[in-house]
Asker: 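First, the structure itself, so that you have it in front of you.
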Amino acid sequence: MAEISKGYESRDVEKKWYAAWQAAHAFAGKVTPGKEPYSIVIPPPNVTGVLTIGHVLNNTLQDMLIRRARLEGKSALWIPGTDHAGIATQTVVERELRKEKIRRRDLGREKFLEKVWAWRHEKGGIILEQLRRLGASCDWDRTQFTMDPHYSKAVLSVFVDLFAKGNIYRGKRMVNWCPVSLTALSDEEVIMKPVTGSMYHIRYELVNFPGRYVEVKTTRPETIPGDVAIAVHPQDSRYAELLGQKVRRPLGPTAEIPLIADTAVDREFGTGALKITPAHDKADFEVGQRHHLPIIDVLSADGTLNELAGPELAGLDRFAGRKKAAELLKASGALVAEEVYANNVGYSERADVPIEPRLTWQWWLRYPRVEEAKAAVRAGHIQFHPERWSKVYLHWLENIQDWCISRQLWWGHRIPVWYRQGLDKEKLTEADLRDPTKVHVSLDGPADPENWVQEDDVLDTWASSWLWPFATMGWPDEAAMKQAGLDCFYPTTTLVTGPDIIFFWVARMIMAGLEYMRPGESLDRRIPFKHVYFTGIIRDAQGRKMSKSLGNSPDPLDLIAKYGADGLRFGIVSLAPQGQDIRFQEDRIESGKNFCNKLWNACRFRQMSGPAGDNSKLTTIVARLDPARFDADDHAILDRLLATSREVNRCFYEFEFSAAAQALYGFFWNDFCDWYVEVSKAKLQEPDTKANCLAIQDLVLRQTLLLLHPIIPFITEELWSLLGYGAPGTFIEETRIENASHLASTSLAHGLVLDPAAIASVERLKNFALQARVLKAEHNVASRRDTSFFVTTTDADWAVLSANLSKLLRMAGAATVVRREQVDGAPAAVTQLGTLYLDLASTVDVGAEKVRLQKEVDALARHIAGTEARLSNKAFTDKAPPAVIEGARKQLAEQQAKHAEFERLLKSLG
RNA sequence: GGACUCUUAGCUCAGUUGGUUAGAGCACUUCCUUGACAUGGAAGGGGUCACAGGUUCGAGUCCUGUAGAGUCCA
C-alpha cells in the first residue's frame, strides 16, 4: 500500500482516475437484466459554450445522482451531448468571419454552413472536455449532437408527421422580429425589460375642421407614416360626433386617415384616442383586420426606415428615425408635448436589442398533447422539485399559444418543405399548403428536385431539443433504439435543469414524449422523465446574475486548479439549497477543499495507526470488530454512522443535496475527526483495544467514502484504493453501498448490538471534557497539558469517568482527574458526571470566580423560572403531549440540581 | 395588473408535519506549531428570527395584513 502524503494534491489524482475510468468505459450505460435502470439525459449545453459555474452546479448534481445510482447497484446511464443552438452559434461564427471581413451573405448558404461545421469540429467539444475535468461520469461513447444525421432525421420526421396531422401550418402573422439576427423569435425568446424613453403627444388635424385636432400619445413617432387610422372607444362621448371624420397624418407621405371606433381602445389612456399602425403593433394589427385597414410597413427587416416612411426618414435606423421624427413633428407644430415615460419593451434574448412586431410568413405549431401534459404533472407521474414549479408550468399550459417554429437562419434543421417551381409563396392558401402538386413535405424531398424549391427557413433550436429524451436513444430507428436500450432507459429517471427553461424545454419535452413514445400506452410509460429537479440560479456576491458582459462569472477551471474538482463540487453542492437562488461565495469552495484535506488526513492517520486488516468487504471488516471490547465511543460513532447513512439516503430521495453534503461534513469532521479519532489516540496505545479501534476506523472510513463518493469522486476513489477497501483493479463504484438498515443487519449478524446507554454516556463525557477545557481557558492555562482536576461525584458516575479516564485526560488536556470527597476554593464547573474542579497551584482570584459563578446561578434561575411557569400552567399540562411535559419536568430537575450545586460552590468561596 | 419566492449572527445561508437555552460556514477576539491535518486544534463574542395583528398551552415555523428585495407571466 502506497503511503499517503501529508496534504491532498488534487491535480494528479484527478487526471489519473479520469483516465482510468475512461479507459475501462466505467460509465457505460448497459441494459442488465434484473438491474433497475436509472437514467439521465444531460441538458445539452450550447455547442459554442464554455463551462460556467451554473454548469458546475447542474452537472455536479446529475453526477451525484448517477454515481449514487451505480453504488446502489442500478443500471445507470447518463447521456451527454451538445445543442447546435441556432442563433447563438450562427452569431458566433458570423462574428469570427467578420474579423476576416467576410459576410455571411457573400459566402452563400453552403459555404457558410461549411464554416460553421468546421468551427464546430474545432471548438465544439470544449465544454464536454471541461465536464470531464469536473468528473462528470457521462457515457461518452453515446455523445449526442442535435445536428447529427440520425438526430436530424428524428427532428424532420416529427415535422413531417405533425404537418400531416395538421398541427403545423404556415401563416402570415405578427411575430417577434429581431432586427439584428434578422429572424423571427418565439414569445419565449423575448425578454421584457423596463426602459425609460419619451412619450410624445401628437396632434392630428381634422380635415373638415381646420384648426381642430385630435391628440394621441405615442412612444414611437417614427411609425406615424404607417398610421392608417385613429381609433377611439365607441362609447367615448368626447369623440362621438367626430366618428367617420378624417384626420391628416402629420408625418410621412400625405394622407387622410379615418377616425374609427373599436372596443379595444382604453378610454383611460391619454386622451382616449389611439393611432393605429397595423404593421408595427400586435394590437393595432388586430384592429386593422377588424376594420379592413391597409397595412403600411415602414420598416425594413434590419430595423431601418424604408421609403414608405417618406424621404426625410428613409434609410435611418429606427432609433435615429425616432429622434428625427420628433424634430420634424416639433417643427410642424404637431408635437405638442414630450414627457419622460417608463414602460416595458421586448428585447431579443440573444441579440439584446428591442424586437419589432413584424408581419411575416412563418411556420407555426399547435402543440400536441397539451391536456395530457397537464395531467401527467397533476397526477404526479412527473414530479417537480421543488413542487411549486408545477404551478408555473400549468399556468403556461393553460394559456398556451401556438409556437413559431421557423427561423430565418441558415444554421439549423432546414424545414423539409418544397414549393413547386414558380409558385408565389406569399400567396399560398391553407388549401394550397395541403395540395401535393404545389407543396411537397417529406423527409427525403421530392423525386424530381429540379421542379421544386426548398424552404429557406430552419427550425427553432428548441424544435430539436424537445425530442432530446428519446432522439438521444435512437428514435425513430428501431434497430438504433434497441441498441441504445430505449426500452429500458425510457422514461428517464430525473431531469436536472434550471427553472428558466421550464417553457422552452421542460414543457415541450413532456408534450413530445407523450406524442411519440409508446403510443397507446399509459401516461407514466410515455412521459420523458419522472422527476424534474430545478436548481437555483447562481448569482454573484451582489446578487446579480452571472454574465459574460459583467465579467462576474468565475472560471470553473481556475477554481478547479485552485481547490480541486472535488473541492469545487463539494463547495457548490453545500452552497445550493433546494430551489433557491444561490449567491456564489468562493470561501465555500475553499471550505470544500479543506474538507477534502481533512478526509485525506483522517485516512492518513488510519494508515499510520496500524497495519491494514482485511478491508476488502464490509463483512470482513465487521468480522474484525470485537463487541466485547466496545467502549461507549465505539457505540456512539457507529450509531452516528448509521444515522448519517440514513440521513444521506433521505436527502437523495428528497432531492436535498446540500443537506446531504452538510450531514456528511458534520458527521465526519465533528463526530469522527474531532472526537473519535482523538479518543482513538488513547485506545491505540492499548494492545487490548487497538485492533478493534482500527476495525471501527476502517468501517467508518469505508462507509464514509461510499457516501461521499457521489459528491467528491476523485479523492474517494484514490483513498478507497490506497486503503484497500476494494479488490485491486476495481473501482469504488463496483461496490454496492450498504444502506443504514443493511449496515445494521450486517453488524447484528456478527453479534453487534448498539447500546443506547453507552451512546448517551458519550454526550456526558464530551460535556465533561468541554467543561474542563472551558475552566482551563478561563484561567489562562488552555494550552497546558499538565493540569490536574478534582471531581466530586457519585460512585456510578465515577465508574463511567474512570472507565474512560485515559481518553478523558487526552480530550481535556489534563494530567490527572482525581476523585475527592470535598474540594474548597477551586474554580469549578457543574457537569452531568459530577462537579469538576480545576486544581490551581496559583491563587485563585476569588472575586472573579464569584462573579463567574454568580452569572451561572442567575442564568439558571431565569431558566428555572421559565420552566416552572410552563409546568404550572394548567393549560400546558392539560393539552401538551405527555412526552413534552415529561421533558420539561426532567429539564426542571436538572436545572434545579445544577442551580443548587452552583449556589453551594458560591457559598464555599465565602 | 396577476403568480411565486425571499427577509434569521458582520456576510452568505440552514432551520423537514409548531415543543428544552435558534444552528452552520466564513469573518472577528484570545490561545496553541501536542506524534492525521496550521487546508489544523481549543475557547469565546455576536441574533427583540423585517414589522403589526391573529390562531395556540406553546410560533422563526401556521393564518392575515404592511414594508422592502427578487423572479416569472401579462
Side-chain angles (χ1 to χ4, degrees), chain A residues 4-8 187-188 191-192 344 386 388-389 391-392 394-396 398-399 499-500 502-503 536-537 539 541 543-545 563-564 567 571 574-609 647 650-651 654 656 658-659 662-663 665-666 669-670 673-674 677-678 680-681 697 769-770 772-778 780-785 810-813 859-860 862-863 866-867 869-881 883-885 887-892 894-895:
Chain A
I4 299 178
S5 62
K6 190 168 171 179
Y8 173 56
D187 291 345
E188 288 71 25
I191 316 242
M192 299 307 286
N344 285 320
R388 63 187 153 87
W389 291 111
K391 212 168 168 178
V392 177
L394 290 169
H395 182 258
W396 184 74
E398 296 291 346
N399 299 286
D500 48 335
I502 191 166
F503 313 133
I537 293 176
R539 301 170 174 283
R544 301 173 303 180
K545 268 192 184 179
Y563 305 107
S574 64
L575 201 57
Q578 196 186 33
Q580 290 299 337
D581 285 1
I582 299 135
R583 292 204 187 199
F584 181 77
Q585 298 159 268
E586 196 163 323
D587 58 24
R588 286 294 271 267
I589 309 300
E590 188 178 356
S591 123
K593 178 193 179 176
N594 295 348
F595 181 70
C596 289
N597 194 59
K598 191 74 176 175
L599 178 65
W600 184 261
N601 275 289
C603 291
R604 180 163 178 260
F605 175 74
R606 163 62 192 92
Q607 193 185 46
M608 291 164 73
S609 298
E647 171 67 1
R650 183 196 69 79
C651 288
E654 295 180 11
E656 289 183 25
S658 66
Q662 280 157 20
Y665 184 100
W669 204 304
N670 304 130
C673 292
D674 287 352
V677 166
E678 291 307 318
S680 290
K681 288 173 183 172
Q697 285 190 24
L770 172 71
R773 289 192 296 231
V774 169
L775 277 178
K776 284 173 67 183
E778 276 171 350
N780 301 319
V781 289
S783 53
R784 288 177 59 176
R785 304 187 66 78
R810 178 176 287 274
M811 298 309 289
L860 280 164
R862 278 198 305 278
H863 292 144
T867 314
R870 252 182 346 134
L871 280 166
S872 61
N873 183 348
K874 192 166 177 319
F876 174 69
T877 47
D878 283 355
K879 294 189 180 175
V884 172
I885 298 170
R889 289 223 169 91
K890 220 171 134 188
Q891 182 195 337
L892 180 63
E894 278 166 17
Q895 287 168 340

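Quick note on labels: first sequence line is chain A, next is B, and so on, each numbered from 1. All values reported here derive from a predicted model rather than from experimental measurement.
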Asker: Among the candidates B/A14, B/C37, B/U39, find the nucleotide nearest to the side-chain atoms of A/Lys593.
Answerer: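 Minimum distance to the A/Lys593 side chain belongs to B/U39.
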Asker: Would you mind pulling out the nucleotide paired to B/C11, Watson-Crick or G-U wobble, both distances under 3.5 Å?
Answerer: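 Result: B/G25.
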Asker: Given A/Thr867, which of A/Gln895, A/Glu894, A/Arg889 fulfils the side-chain hydrogen bond (donor to acceptor under 3.5 Å, both in side chains) condition?
Answerer: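 Output: one option passes, namely A/Gln895.
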Asker: Does A/Trp669 have a side-chain nitrogen or oxygen under 4.0 Å from the phosphate oxygens OP1 or OP2 of B/U39?
Answerer: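 No, because none of the side-chain N or O atoms of A/Trp669 sits under 4.0 Å from OP1 or OP2 of B/U39.
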Asker: What's the gap between B/A9 and B/U71 when it is taken at their P atoms, as a whole Å value?
Answerer: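 B/A9 and B/U71 have their P atoms separated by 23 Å.
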Asker: Just call it for A/Asp674: base, sugar-phosphate, or nothing, with non-hydrogen atoms closer than 4.0 Å on any strand.
Answerer: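 Contact class for A/Asp674: sugar-phosphate only.
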Asker: Whether A/Lys6 contacts B/A38 is assessed here as follows: a side-chain N or O lying under 4.0 Å from the phosphate OP1 or OP2. Is that the case?
Answerer: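 The answer is yes; a side-chain N or O of A/Lys6 sits under 4.0 Å from OP1 or OP2.
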Asker: Between atom CZ in A/Phe595 and atom C1' in B/A36, what is the gap in whole Å?
Answerer: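 In whole Å, B/A36 C1' and A/Phe595 CZ are 15 Å from each other.
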Asker: Any strand counts, and the cut-off is 3.5 Å on both contacts for Watson-Crick or G-U wobble. Which nucleotide pairs with B/C51?
Answerer: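 Per the H-bond distance test, B/G65.
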Asker: Any donor-acceptor pair, under 3.5 Å, between the side chain of A/Glu678 and the base of B/A42, if you only look at N and O atoms?
Answerer: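 Checked by distance alone, the answer is no.
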Asker: Measure from OH on A/Tyr8 to P on B/A36 and round the result to the nearest Å.
Answerer: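 Nearest whole value for this atom pair: 22 Å.
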Asker: Both distances under 3.5 Å, Watson-Crick or G-U wobble: report the partner of B/C4, or none.
Answerer: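 Across all strands, the one nucleotide that pairs with B/C4 is B/G70.
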Asker: Considering every strand shown, what is the Watson-Crick or G-U wobble mate of B/U56 when both distances are under 3.5 Å?
Answerer: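 Base partner found: none.
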Asker: Output the rounded distance in Å from CD (A/Glu654) to C1' (B/U17).
Answerer: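 After rounding, the reported distance stands at 12 Å.
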Asker: Select from A/Asp587 and A/Cys603 the residue whose nearest nucleotide in RNA chain B is closer to the 5' end of that strand.
Answerer: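 Per heavy-atom nearest nucleotide, the more 5' residue is A/Asp587.
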Asker: Once rounded to the nearest 0.5 Å, what's the spacing between atom OG of A/Ser680 and atom CZ of A/Arg810?
Answerer: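 Taking OG in A/Ser680 and CZ in A/Arg810, the distance rounds to 10.0 Å.
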Asker: Atom CG in A/Asn594, atom CH2 in A/Trp669: separation rounded to 0.5 Å?
Answerer: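 Those atoms lie 5.5 Å apart.
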Asker: Tell me: CZ of A/Phe876 to P of B/G19, nearest whole Å?
Answerer: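 Atom-to-atom, A/Phe876 to B/G19, this comes out as 13 Å.
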Asker: When the P atoms of B/U16 and B/C62 are considered, how many whole Å apart are they?
Answerer: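 Roughly 8 Å separates the two P atoms.
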Asker: Of the nucleotides B/A36, B/U12, B/G19, which one has an atom closest to the side chain of A/Arg583?
Answerer: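 Nearest to the side-chain atoms of A/Arg583, counting from C-beta on, is B/U12.
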Asker: Checking base pairs now: Watson-Crick or wobble, both atom distances under 3.5 Å. What partners B/A36?
Answerer: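 Partner of B/A36: none.
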Asker: When the distance from CD of A/Glu647 to C1' of B/A14 is rounded to whole Å, what number comes out?
Answerer: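 One finds 12 Å between C1' of B/A14 and CD of A/Glu647, rounded.
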Asker: Remember a base hit wins even if backbone is also touched, and classify A/Ala880 as base, sugar-phosphate or nothing at under 4.0 Å, heavy atoms.
Answerer: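 Here A/Ala880 touches the bases of the nucleic acid.
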Asker: Scan A/Arg889 against the nucleic acid and name what it touches under 4.0 Å (heavy atoms): base, sugar-phosphate only, or nothing.
Answerer: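 No contact.
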Asker: Look at all strands and tell whether A/Ala602 reaches a base, only sugar-phosphate, or nothing, counting heavy atoms closer than 4.0 Å.
Answerer: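 Result for A/Ala602 = base.
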Asker: Between B/C31 and B/U20, how far is it from one P atom to the other, in whole Å?
Answerer: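 So the two P atoms sit 37 Å from each other.
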Asker: Which part of the nucleic acid, if any, lies within reach of A/Leu770 when heavy atoms closer than 4.0 Å are counted: base, sugar-phosphate only, or nothing?
Answerer: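 Result for A/Leu770 = sugar-phosphate.
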Asker: Between B/C37 and A/Lys598, is there an OP1 or OP2 to side-chain N/O distance shorter than 4.0 Å?
Answerer: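 No, no such contact exists.
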Asker: Rounding to an integer number of angstrom, what distance separates B/G58 and B/G44 when you compare their C1' atoms?
Answerer: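 Here B/G58 and B/G44 have their C1' atoms 32 Å from each other.
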Asker: Any chance CZ of A/Arg388 has more than 12 other-residue heavy atoms, nucleotides or ligands included, within less than 6.0 Å?
Answerer: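 Atom CZ in A/Arg388 is packed in, count exceeds 12.
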Asker: Is the Lys NZ or Arg CZ of A/Lys681 less than 6.0 Å from the centre of A/Phe605's six-membered ring, within 45° of the axis?
Answerer: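 That pair qualifies as a cation-pi contact.
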Asker: Can you tell me how far P in B/G46 sits from the matching atom in B/G53, rounded to whole Å?
Answerer: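 Result for the P pair: 28 Å, nearest Å.
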Asker: When you compare B/A67 with B/C11, how far apart are their P atoms, in angstrom units rounded to a whole number?
Answerer: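 Pairwise P distance, B/A67 against B/C11, rounds to 24 Å.
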Asker: Between B/G25, B/G19, B/U21, which nucleotide gets closest to the side-chain atoms of A/Gln891?
Answerer: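 Taking heavy atoms from C-beta onward, the closest nucleotide is B/U21.
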Asker: Could A/Arg650 and A/Glu647 be called an ion pair, given the rule that one side-chain N must be under 4.0 Å from one carboxylate O?
Answerer: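 Salt bridge flag = yes for A/Glu647 with A/Arg650.
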Asker: Using atom P of each nucleotide, how far apart are B/U12 and B/G70 to the nearest Å?
Answerer: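 Between the two P atoms, the distance is 14 Å.
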Asker: Categorize A/Pro881 for me: base, sugar-phosphate, or nothing, with a 4.0 angstrom heavy-atom threshold over every strand shown.
Answerer: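 Here A/Pro881 touches the bases of the nucleic acid.
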Asker: Measuring from the side chain of A/Gln585 (C-beta onward, heavy atoms only), which nucleotide among B/C37, B/U12, B/U71 has the closest atom?
Answerer: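 Of the options given, the side chain of A/Gln585 lies nearest B/U12.
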Asker: Which part of the nucleic acid, if any, lies within reach of A/Val774 when heavy atoms closer than 4.0 Å are counted: base, sugar-phosphate only, or nothing?
Answerer: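 It contacts sugar-phosphate atoms only.
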Asker: Tell me whether the side-chain N/O atoms of A/Arg588 come closer than 4.0 Å to OP1 or OP2 in B/U12.
Answerer: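 Checking B/U12 against A/Arg588, no side-chain N or O comes under 4.0 Å of OP1 or OP2.
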Asker: To the side chain of A/Arg388, which of B/U5, B/C37, B/U34 is closest?
Answerer: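 Nearest to the side chain of A/Arg388 among the choices is B/U5.
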Asker: Looking only at side-chain N and O atoms, does A/Lys681 come under 4.0 Å of OP1 or OP2 in B/A36?
Answerer: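 So the side chain of A/Lys681 is within the cut-off, an N or O lying under 4.0 Å from OP1 or OP2 of B/A36.
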Asker: For A/Asn873 and B/U56, what is the distance between atoms CG and P respectively, to the nearest whole Å?
Answerer: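 To the nearest whole Å, that distance equals 14 Å.
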Asker: Whole angstrom is fine here: how far is it from CD1 in A/Ile4 over to P in B/C37?
Answerer: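 Result: 12 Å.
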Asker: Between A/Phe605 (CZ) and B/U34 (P), how many Å, whole number?
Answerer: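 It is 16 Å, rounded to the nearest whole Å.
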Asker: If you look at every strand shown and take non-hydrogen atoms under 4.0 Å, does A/Arg606 touch a base, only sugar-phosphate, or nothing?
Answerer: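 Touches nothing.
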Asker: So which nucleotide from B/A43, B/A42, B/C37 ends up closest to the side chain of A/Ala777?
Answerer: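 Out of B/A43, B/A42, B/C37, the nucleotide with an atom closest to A/Ala777's side chain is B/A43.
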Asker: Across the strands shown, which category fits A/His863 at heavy-atom distances under 4.0 angstrom: base, sugar-phosphate, nothing?
Answerer: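 Base contact - A/His863 has a heavy atom under 4.0 Å of at least one base atom.
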Asker: Closest-nucleotide mapping onto RNA chain B: is A/Ile582 or A/Glu778 further toward the 5' terminus? I mean the 5' end.
Answerer: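 Of the two residues, A/Ile582 wins.
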Asker: What pair of heavy atoms forms the shortest contact from A/Arg784 to A/Lys776, and how long is it?
Answerer: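 The pair with the smallest heavy-atom distance is O-NZ, 2.6 Å.
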Asker: Counting only side-chain nitrogens and oxygens, does A/Asn601 get under 4.0 Å of the OP1 or OP2 atom of B/U39?
Answerer: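 It does not, given that no N or O in the side chain of A/Asn601 lies less than 4.0 Å from OP1 or OP2 of B/U39.
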Asker: When rounded to the nearest 0.5 angstrom, what is the spacing between CD1 in A/Ile502 and NE2 in A/His395?
Answerer: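 Reported value, rounded in 0.5 Å steps: 12.5 Å.
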Asker: Please report the distance separating the P of B/A42 from the corresponding atom of B/A50, rounded so that it comes out in whole Å.
Answerer: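 It works out to 32 Å between them.
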Asker: Looking only at heavy atoms, which two atoms of A/Ile589 and A/Tyr563 are closest? And how far apart?
Answerer: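 Answer, listing the atom of A/Ile589 first, then A/Tyr563: CG2-CD1, 3.4 Å.
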